[in-house]
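Down below is the structure, laid out as structure tokens.
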Amino acid sequence: MERDVKDILISEQEIKQICKRLGEEITRDYKGKNLLVVSVLKGAVIFMADLLREIKCDCIIDFIAVSSYSGTKTTGVVKFKKDLDIDPDGMDILIVEDILDSGVTLSYLSKVLMGRNANSIKICTLLDKPANRKADIKADYVGTVVPDEFIIGYGLDYNEKYRNLPYIGILDSSVYEN
């Protein structure tokens, strides 16, 4: 598995520092609000777990699964695989995502949730990859900006593999180019 990693982009220690910083910002902004933290499955679940440990205000959590990817490319079509269990009506929603890439999925998801009478919607992404942006969307909380590379680890995958790497790495192109 690790032989497929071309370079380590963000170390375990750097990820911990990012989670701490973002947790402090979110705590400050959401203290006293009706916070619903929504993880976009599967990629964001590891990030959300670590981020939640750094948020020091009341919140509840839920999960949603959507996808617009096939292999290494976005299809442009968002598919719901799992919807929320909690009604977001009147809640302040923080969508937690592993990477903001094309923006297609998060743009769609934000519109759908606002249509369900959420009080507010903000986005927290561990990684922002603006080079591939196709939708007009920005995250409210950004861990770090990353280059236009195929990134794996810490929840991010290629064909469901590599999610369990404790760091974020660049996948060697020989793995996906044939």
Nearest 0.5 Å please: distance from the [atom1] atom of [X] over to the [atom2] atom of [Y].
{"X": "Asn132", "Y": "Asp148", "atom1": "CG", "atom2": "CG", "result": "4.0 Å"}
{"X": "Asp62", "Y": "Leu84", "atom1": "CG", "atom2": "CG", "result": "4.5 Å"}
{"X": "Asn34", "Y": "Asn119", "atom1": "CG", "atom2": "CG", "result": "8.0 Å"}
{"X": "Ser11", "Y": "Tyr154", "atom1": "OG", "atom2": "OH", "result": "11.5 Å"}
{"X": "Asp29", "Y": "Leu94", "atom1": "CG", "atom2": "CG", "result": "9.5 Å"}
{"X": "Thr144", "Y": "Gln17", "atom1": "OG1", "atom2": "CD", "result": "11.5 Å"}

Any side-chain heavy atom of [X] within less than 4.5 Å of one from [Y]?
{"X": "Tyr162", "Y": "Asp157", "result": "no"}
{"X": "Cys124", "Y": "Asp140", "result": "no"}
{"X": "Leu156", "Y": "Leu127", "result": "yes"}
{"X": "Glu2", "Y": "Tyr167", "result": "yes"}
{"X": "Ile151", "Y": "Lys129", "result": "yes"}
{"X": "Leu35", "Y": "Cys57", "result": "yes"}
{"X": "Arg133", "Y": "Leu100", "result": "yes"}
{"X": "Val5", "Y": "Leu171", "result": "no"}

* **Option from Leu126, Ile123, Leu22, Asp128 for which side chain to side chain contact (heavy atoms under 4.5 Å, CB included) with Val142 holds** =>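 Output: one option passes, namely Asp128.
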Taking 4.0 angstrom as the limit, do [X] and [Y] come out as a salt bridge?
{"X": "Glu160", "Y": "Lys42", "result": "yes"}
{"X": "Asp92", "Y": "Lys33", "result": "no"}
{"X": "Glu24", "Y": "Arg28", "result": "no"}
{"X": "Asp83", "Y": "Arg116", "result": "yes"}
{"X": "Lys16", "Y": "Glu12", "result": "no"}
{"X": "Lys82", "Y": "Asp85", "result": "yes"}

* So does Asp89 have more than 12 non-hydrogen atoms from other groups sitting under 6.0 Å from CG? ->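 Yes, because the 6.0 Å sphere around CG of Asp89 holds more than 12 heavy atoms from other groups.
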* In this structure, are over 12 heavy atoms from other groups packed under 6.0 Å from Lys56 atom NZ? ->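 Yes.
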* Go through Val175 and Lys161 one step at a time and tell me if the side-chain contact (heavy atoms from CB on, under 4.5 Å) criterion holds. => CA-CA 11 Å; Val175 175; Lys161 296 178 184 174; over 6 Å; no
* Step-by-step side-chain contact (heavy atoms from CB on, under 4.5 Å) determination, Ser120 to Ile93 -> CA-CA 6 Å; Ser120 68; Ile93 298 175; over 6 Å; no
* **Parallel, tilted or perpendicular: rings of Phe150 and Tyr158 (30°, 60°)** =>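 Rings of Tyr158 and Phe150: perpendicular, as their planes differ by over 60°.
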